[in-house]
Amino acid sequence: MDHMHHSETQPAPAGGPAHIIPDDHHYIHQKYTCPMHPQIVQDGPGKCAICGMDLVPLAKPEEGHYHDNKAIEDFKKRFYVVLVLTIPILLLSEMIQHWLKIHFSFAGSQYILLILSTIVFFYGGWPFLKGLAGEVKVKNPGMMTLIGFAITVAYVYSVAVVFGLNGMDFFWELATLILIMLLGHWIEMKSVSGASRELELLVQLMPDDAHLVHGDHIMDVKTQTLKANDVILVRPGEKIAADGVVVEGESYLNESLLTGESKPVEKRKDDKVIAGAINGNGALRITVLHAAKDSYLSQVIKLVQDAQKSKSKTQLLADNAARWLTIIAIVSGIVTFLAWYSTGRGLAFAVERMVTVIVICCPHALGLAVPLVVAKSTALSARNGLLIKNRTDFENARKITTLVFDKTGTLTIGKFAVSKIVTLEKSYTENDIIRLASALEQNSEHPIATGIMDKAKELGIKIPIAENFKAIVGRGVEGTVEGQRIKIASPGYLGEKNIALPDPFSHDATETVVFVLTNEKPVGFIALSDAIRPESAAAIATLHDNHIKSVLLTGDNKVVAESVSNKLGIDTYYAEVLPHQKLDKIKDLQSEGEFVAMTGDGINDAPALAQADVGIAVGSGSDIAAETAGIILVNSNPKDVVNLILFGKATYRKMMQNLAWATGYNIIALPLAAGVLYRVGILLSPAAGAVLMGLSTVIVAINASLLKVK
C-alpha cells in the first residue's frame, strides 16, 4: 500500500525576498508596491517600472491594509481641489458660454483662466507628469506617458493661444480631462485594493499578541517574539498565535480561512494546530513549533505574493499587448493630428483629435486585465486550501484531459477504519467486542490498532486496562482483560492453531479482518478497510461531466484497486505500481495525447508530479514547499482537486474576458476618437475619451472582483 507522508513545515522555496514575515523584533524588509500596479513589489522605495509612480510601503500584518491608503487619499484630495477649480474654468471658457448661450467677460478674465488652469495642470496633473518622467527615464512608455503627453500638449497649446496664437484655448478640456483622470484613478485604486482583499484577510489572521505561559503565571507578548518550545495559552474564541502541538486541553478549531474546510476540527493532546485558526469553546495550551516567520500562514502569504508577482504566458501576452498599444496610441495620435491639420481643419481641431486619441488609447485596462485576476485568484485560492506555486500550471488546468489519482489518502481516507463488527457469541455485543479489542490495542501504534481505537472513541466506550500484554509475532496481540485471557489475531493464526473459522465466514476482499478470542475461542471479529471518502464519487462524477478522464494509480493490489475503481466509476486503474513506475505511466498517458494532471504525495510521487503537465501535491498542508508540484492542496479531499480545475478554468475565462474587453474597447474607441465618423456628427471630446478610458478600467476591475471558488 502506498503511504502518505507529512513532513514538518519547511521554509518556503527560495527565489524571492522575504514578504510580510516577522523577525523576533522587527520586519526583515519593508516592501514597497505601486498603488496602480500591485504586481510590482520590491525592497525599499523607488519608481514603478510600469508607470513611473513613486512606490508606497506595503502594510505590515498588524496594519491590515495591503494597499497604502495615502496614495488613494492623495488622488481623492487632488480630485476635489481640481473639481472646485474646474467650475470657474468652465464658466470663463468661450466654448462653454456659447453652448449655454450666455456671455460675460471682464478685463483680465483670460489671465485668471490661465492661472486657474495652470494650478489644475501642475497640481492635478502632477501624478501624471511625474509618471511620464519616470516612464521615460526607465525607457518604458506606458499609460502615464500618454496622459502626461496629452495634458502637456493641451496646456502648452492653450497658453500659446493666450499669448497670441490664432485659435481657441483648451483650458476647459484640460481641466475636465485631468478631473476625470483623477477620478478614474481614485476609483481604480480602490478597486485594485479591493481585489487584494483576500490576501489582506490572510494577513489579518495572525493575531498581534499571544499569552505566553511563564512558570506559574501568564504574560502577554507580541506574536513575533515567540520562539520554538515556548508554551502559549489560547482561550476560547481566540486565534491560534503560532503553529504548535497541543499539550493540554481539548477544543474544536475553525480552520476554514486557512484550509477551506468548513467543519470545525477537533484538537486534543499531541494534535498539531496552525497559526491563524480560531479556537472554539475549550482552552488549549500549545507548545510552539517555530518562530512566526516559519509558520504555515507566513509561508502561505509569501507563496501568494510570489504567485501574484510571477508571470504566466497569459500575463506576458497582456504585457506585450499593452506595450504595443502605447506605441499605437502615440503613432495614431500623431497621424490623426497630421491628417486633420493637412485637410485644413485648423490647429485647434487637429490638436484636440490627437489628445483624444492618445487619452482613449491608454493601455491601463489592458495592463490591469490579467494582474487583477491574478491578485484575486491566488489569494482566494489560498483561503480555500489551494496554494498556487506556478501560475502557468494553474492556468493550464483548463487543458486537463486526464486526472491521475494516487489512491491512498486522496480517494480514500488514508487510514484503517472499522467497517464491520460481528459477534459470534450471543453473550457478547458489538460494543463488547470493541471494548476488549481496544483494551489491548491501546498499547499499539499499528494502523489496525488506530482504527479500533477511533471506533471505541466514536462509540464512547470506557476502555479497560490490559495486563500481561505481549505481541504474537506477525499474528496479533494478547493480554489479560477483566480477568480473561484475550487475543486479537489474524485468520492465519486461527488456521495455524486449527481453530475453526465461523461458518459462514465472509468479508469484502478489500477488508482486513481480526478476530477477538477469549480463552482461545473466537467471540467476534472486526473488519477494517481504508474507507473511500464520501466526497470521492461526486468528485469523479464532476470530472466526467467536464469530459475529464480519471485514472487510479496505486501501489495496492489489484483486488483493492479494482474494487475502489468500480465503486467510484473511475475509467482506468493501474495496481501494484511502485513509486518509480508511476513516472512511466504518466509518460504513457502523455504519449497517447493526453494532457495529464497528477495528484499525489509531494514527496513519494515527486518524479511523477514533475513529469505531469500539471502537478498537484495533496495532503501537504504542513509541507507547502513540496518542490515538484506547481499546485499544493492543503487537504487531501478529492473535491478540492476538482474545485481547483474548475477554478483554474474560471480564472482563465476571467482573464480572457478582461483581455477581450480591453482590446475590443480600444479597437472601437480609437477610430471614434480620431474622428472617422465626424461627418455623421459623432465626435468624442478629450473628456469623453477620458470617461470611456476610466470606465473600461473600472469594468475590468469589477469583472475580476466577481471571481469565486465554487
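Side chains included, hydrogens not; waters and symmetry mates left out as well; all remaining heavy atoms used. Note that the structure is a prediction, hence the values are computed from the model and not measured.
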Between [X] and [Y] (side chain of the first, backbone of the second, donor and acceptor by atom type, cut-off under 3.5 Å), is there such a pair?
| X | Y | value |
| --- | --- | --- |
| S550 | T402 | no |
| E594 | K549 | no |
| D393 | V614 | no |
| R345 | A350 | no |

Legend entry - Name of the residue among V120, T118, I119 meeting side-chain contact (heavy atoms from CB on, under 4.5 Å) with F122: T118

Can you find a pair of side-chain heavy atoms, one from [X] and one from [Y], that are under 4.5 Å apart?
| X | Y | value |
| --- | --- | --- |
| N546 | V642 | no |
| I645 | L543 | yes |
| N396 | I400 | no |
| V596 | Q611 | no |

Inset, instruction - Could you check whether the rings of F121 and Y155 sit parallel, tilted or perpendicular, using 30° and 60° as the cut-offs? - result: parallel

Inset, instruction - Taking atom OH of Y341 as the centre, report whether more than 12 heavy atoms of other residues, nucleotides or ligands fall under 6.0 Å from it. - result: no

Inset, instruction - Dump the intermediate steps for side chain to side chain contact (heavy atoms under 4.5 Å, CB included) on F647 and T651, then the final yes or no. - result: CA-CA 6 Å; F647 187 53; T651 299; 3.9 Å; yes

Inset, instruction - Look up atom CG in L707 and atom CD in Q657, then write down how far apart they are to the nearest 0.5 Å. - result: 9.5 Å

